[in-house]
S.K.: 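Got a structure for you, questions after.
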Amino acid sequence: LLQQQSSNRTGVTSGDYLGKQLEFANGSTGVVVAHRPPLIFCYSTNDDDDDDDDVDALEGTVKIQSNLVHLAVSPTVRVTDCMGRDLASSGDEPDLSTDRRAIFASIPKVSDIALINHPVLTGITMVDALAPIGRGQNMLFIGHDIASLRDYVETILQTQHSQTQCVYACTDNKAQKDLLQRFRDAGLNDVHFVGTQSSDEDDPVSKSAEAVAIASAACSIAELYARRGQHTLVVVDTLDLHKQFWDATTRVLIDVFGAEAVVRSDREGGASSEMRGFFSSLVQRSAQYNAKLGGG
């Protein structure tokens, strides 16, 4: 995570910079994953094995580009990082002939969406009967046993993958290898898997910043299919790192500007309106597009 580097030098106080590309003095690039005026927080989009991504090497003038950072989406590459680089090929650059979409694309407008009037069958009786979900909606699974939650998710994927384009966002580097093998064993090879490049040695805040980009990238992949009329299902596993990232940005604001720089609910770990806006940039991307925009 490249905290404060640009914000302290450019005085970013207005506008929405989420998803914009940054260019550092040494030529490295990044994507804005949060904007909490007057600071912006970004994640490096360069390969992780690039030594130039060291924070000390990024000191200097930072340019905020007008363009949003895009990821490449290939129908033949099913296991990628948040930039669309093939994880099975050590993060090689994607084929530029593939489709591209902004990682942090805009939330669909009311004029872009249709009525939610078709169910999404999960194959889990208690969900389908008591808490059904419709096409275009989102659902939060909460539990203490992550293994059980993943069992439910596998059932949903098994039920949906033959008729729906499924995308799985894995933010947990410790579970990634096992999940990939589990999906192969279950015959879920057609699921787009967006994983992490991080390792146990990486800084926790950096991993949480990457997790925010991974979840949004999964939504972008799904939106490409939905705007072609294909129905899609996105699973984000998990949202824990989003909360860790938000708490980290709060600590930075307090360290730089003092406790009064953030509202009381953020200081005490509660849910402020600003935090709700941060999460809504993800969850409100669920949509049933209207026929003009593909209908998926």
Side-chain angles (χ1 to χ4, degrees), residues 1-72 80-87 90-96 100-106 171 173 194-199 201-217 220 241-242 244-257 261 278 281-282:
L1 177 65
L2 313 176
Q3 302 174 354
Q4 307 177 52
Q5 289 299 123
S6 54
S7 49
N8 282 348
R9 288 167 168 72
T10 61
V12 179
T13 57
S14 62
D16 184 6
Y17 290 90
L18 181 65
K20 294 293 180 67
Q21 180 169 306
L22 299 174
E23 183 178 339
F24 294 91
N26 69 345
S28 297
T29 57
V31 57
V32 177
V33 292
H35 180 198
R36 302 189 68 181
L39 301 184
I40 58 176
F41 301 83
C42 70
Y43 178 74
S44 171
T45 55
N46 294 73
D47 289 340
D48 280 0
D49 58 0
D50 190 345
D51 293 335
D52 289 339
D53 285 349
D54 181 81
V55 172
D56 292 336
L58 298 172
E59 288 283 357
T61 302
V62 175
K63 298 178 182 178
I64 303 177
Q65 308 291 351
S66 60
N67 61 293
L68 295 171
V69 176
H70 287 61
L71 81 155
T80 70
D81 67 1
C82 63
M83 293 301 298
R85 295 180 288 234
D86 188 352
L87 284 176
S90 302
D92 290 343
E93 287 296 327
D95 183 353
L96 295 180
R100 305 182 74 81
R101 185 167 175 81
I103 295 175
F104 291 91
S106 299
T171 64
N173 68 292
V194 186
T196 172
Q197 295 270 23
S198 66
S199 65
E201 292 75 29
D202 290 333
D203 175 69
V205 180
S206 177
K207 291 195 284 188
S208 69
E210 183 193 29
V212 174
I214 288 171
S216 289
S220 295
L241 290 178
H242 282 67
Q244 291 178 28
F245 175 71
W246 182 260
D247 290 343
T249 65
T250 298
R251 289 194 298 271
V252 172
L253 284 170
I254 292 174
D255 290 344
V256 176
F257 300 109
F278 169 71
S281 65
L282 171 66

S.K.: So, do S44 and F24 sit near enough that their side-chain heavy atoms are less than 4.5 Å apart?
M.R.: no

S.K.: Roughly how far, to the nearest 0.5 Å, is the CD1 atom of I103 from the OG atom of S216?
M.R.: 8.0 Å

S.K.: Supply the atom-to-atom distance C42 SG to Q21 CD, rounded to the nearest 0.5 angstrom.
M.R.: 10.5 Å

S.K.: I need the L71 CG to I214 CD1 distance, nearest 0.5 Å.
M.R.: 11.5 Å

S.K.: So if I apply the side chain to side chain contact (heavy atoms under 4.5 Å, CB included) rule between T29 and each of N46, L22, V69, which one comes out positive?
M.R.: N46

S.K.: Rounded to the nearest 0.5 Å, how far apart are CG of L87 and OG1 of T196?
M.R.: 8.0 Å

S.K.: Could you check whether the rings of F41 and F245 sit parallel, tilted or perpendicular, using 30° and 60° as the cut-offs?
M.R.: perpendicular

S.K.: Under a 4.5 Å cut-off applied to non-hydrogen side-chain atoms, are F104 and V212 in contact?
M.R.: yes

S.K.: Provide the closest heavy-atom pair for A211 versus H242 in the form atom of the first, atom of the second, distance.
M.R.: O-CE1, 3.7 Å

S.K.: Can you tell me if S281 uses its side chain to pair, donor with acceptor, with the backbone of F278 under 3.5 Å?
M.R.: yes

S.K.: Is any side-chain heavy atom of Q244 closer than 4.5 Å to one of L241?
M.R.: yes

S.K.: Which heavy atom of R100 sits nearest to which heavy atom of A72, and what is that distance?
M.R.: NH1-CB, 3.5 Å

S.K.: Run through I40, T249, L18 and flag the one making a side chain to side chain contact (heavy atoms under 4.5 Å, CB included) with H35.
M.R.: I40

S.K.: Determine yes or no for a side-chain-to-main-chain donor-acceptor pair under 3.5 angstrom, with E210 supplying the side chain and Q197 the backbone.
M.R.: yes

S.K.: Indicate yes or no: at least one non-hydrogen side-chain atom of L68 is less than 4.5 angstrom from one of K20.
M.R.: yes

S.K.: Restricting to non-hydrogen atoms, name the atom on S220 and the atom on A102 that form the minimum distance, rounded to 0.1 Å.
M.R.: OG-O, 2.6 Å

